[in-house]
Amino acid sequence: MDLHAALTEPVTLSPLGRVKVPTGLAFAIPKGLEGQVRPRSGLAAKHGVTVLNAPGTIDSDYRGEVAVVLVNLGSEPVTIAPLDRIAQIVFARHETVVLEEVHALDDTERGAGGYGSTGS
Ligand SMILES: O=c1ccn([C@H]2C[C@H](O)[C@@H](COP(=O)(O)OP(=O)(O)OP(=O)(O)O)O2)c(=O)[nH]1
């Protein structure tokens with residue numbers, strides 16, 4: 001679902017500038033789901049504008065207005081006009097875990113290897 005800029009006047013993002021854009025929307029998301037605010041590929045590819053904290057998390061107990069933190073990673077100023085589509089939100093199920101402190105973890109083939117440890 002697209003998120004639109006609930007702005008009364010345009011805002012211009014200078015290169016590396018960021019802005020928190022209101023969407024005019026508030027949700028009561030059922031427990032066990034979260035909203036994930038994601039960039040729009042068109043804005044990113046055409047203008048270098050993306051969601052700075054992607055994916056932004058909208059908690060199920062949040063009742064405030066959803067905002068989108070945009071950043072301009074392009075080399076030119078970009079203007080966001082009222083009602084522009086600025087991002088999208090996906091509602092996704094997630095697990096709730098109870099953490100348990102232990103002194104050692106079980107062995108696996110990977111162990112602590114990462115960051116290209118498998119050779120590619
Ligand atoms: O892109 C975003 C991210 C968050 N929020 C709202 C909904 C979310 O439930 C709340 C808190 O977000 P988050 O947990 O990411 O914020 P925090 O920086 O950890 O602060 P807090 O102490 O408020 O949890 O802010 C937005 O509107 N847009």
Side-chain angles (χ1 to χ4, degrees):
M1 170 188 160
D2 284 332
L3 296 173
H4 296 252
L7 294 170
T8 52
E9 51 191 50
V11 288
T12 297
L13 273 169
S14 48
L16 292 185
R18 64 177 187 266
V19 65
K20 194 169 130 194
V21 183
T23 63
L25 295 175
F27 300 102
I29 301 174
K31 214 169 171 211
L33 298 183
E34 66 174 17
Q36 299 173 349
V37 179
R38 303 182 183 183
R40 293 190 62 227
S41 53
L43 262 186
K46 290 182 200 152
H47 303 292
V49 171
T50 188
V51 175
L52 183 57
N53 57 328
T57 299
I58 311 302
D59 299 289
S60 63
D61 60 355
Y62 180 69
R63 295 293 177 270
E65 181 178 6
V66 170
V68 176
V69 185
L70 291 178
V71 62
N72 178 6
L73 299 180
S75 52
E76 301 295 329
V78 177
T79 297
I80 307 294
L83 297 184
D84 272 1
R85 290 182 297 155
I86 49 171
Q88 51 197 319
I89 187 167
V90 169
F91 296 97
R93 211 165 281 288
H94 67 87
E95 300 295 330
T96 301
V97 300
V98 178
L99 297 181
E100 183 188 339
E101 190 175 348
V102 294
H103 292 293
L105 301 174
D106 61 326
D107 288 327
T108 66
E109 193 175 330
R110 175 180 290 277
Y115 307 98
S117 64
T118 59
S120 56

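Just so you know, residue 1 is the first one in the sequence shown, and it goes up from there. Each ligand, and each atom within it, is numbered from 1 in the order the structure gives.
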Option nearest atom 4 (C) of ligand 1 (shortest heavy-atom distance, choices Leu25, Thr57, Val37)
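It is Thr57 whose heavy atom sits nearest to atom 4 (C) of ligand 1.
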Where the closest heavy atom to atom 14 (O) of ligand 1 is concerned, which of Asn53, Asp59, Ile29 has it?
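The option holding the nearest heavy atom is Asp59.
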Can you check whether a protein heavy atom sits less than 4.0 angstrom from [atom]?
{"atom": "atom 1 (O) of ligand 1", "answer": "yes"}
{"atom": "atom 9 (O) of ligand 1", "answer": "yes"}
{"atom": "atom 16 (O) of ligand 1", "answer": "no"}
{"atom": "atom 19 (O) of ligand 1", "answer": "no"}

[atom]: which protein heavy atom is closest, and how many Å away?
{"atom": "atom 26 (C) of ligand 1", "answer": "Ile58 CD1, 3.4 Å"}
{"atom": "atom 27 (O) of ligand 1", "answer": "Ala67 N, 3.0 Å"}
{"atom": "atom 25 (O) of ligand 1", "answer": "Tyr62 CE1, 4.0 Å"}

Do [X] and [Y] land in one hydrophobic cluster if side-chain heavy atoms of ILVMFWY residues count as linked below 4.5 Å?
{"X": "Ile89", "Y": "Leu25", "answer": "yes"}
{"X": "Val51", "Y": "Val49", "answer": "yes"}
{"X": "Leu7", "Y": "Val66", "answer": "yes"}
{"X": "Leu3", "Y": "Val21", "answer": "yes"}

Please examine the side chains of Pro82 and Pro10, heavy atoms only from C-beta on, and report whether any two atoms are closer than 4.5 Å.
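In short, these two side chains touch, coming nearer than 4.5 Å.
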Run the ring-centre check on Phe91 versus Phe27 and record whether the distance is less than 6.0 Å.
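Yes: the rings meet the under 6.0 Å criterion.
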Under 4.0 Å from a heavy atom of Val66: give me the atoms of ligand 1 that qualify, with their elements.
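Counting from 1, the qualifying ligand atoms are 27 (O).
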With a cut-off of 4.0 Å, which atoms of ligand 1 are near a heavy atom of Gly56?
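Going through ligand 1 atom by atom, the ones under 4.0 Å from Gly56 are 1 (O).
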Qualifying residue, where the test is side chain to side chain contact (heavy atoms under 4.5 Å, CB included) with Arg18 and the options are Leu52, Leu73, Leu70
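Answer after filtering Leu52, Leu73, Leu70: Leu52.
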Crowding at CZ, Arg93 (>12 non-hydrogen neighbours, <6.0 Å):
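Atom CZ in Arg93 is not crowded, with 12 or fewer foreign heavy atoms closer than 6.0 Å.
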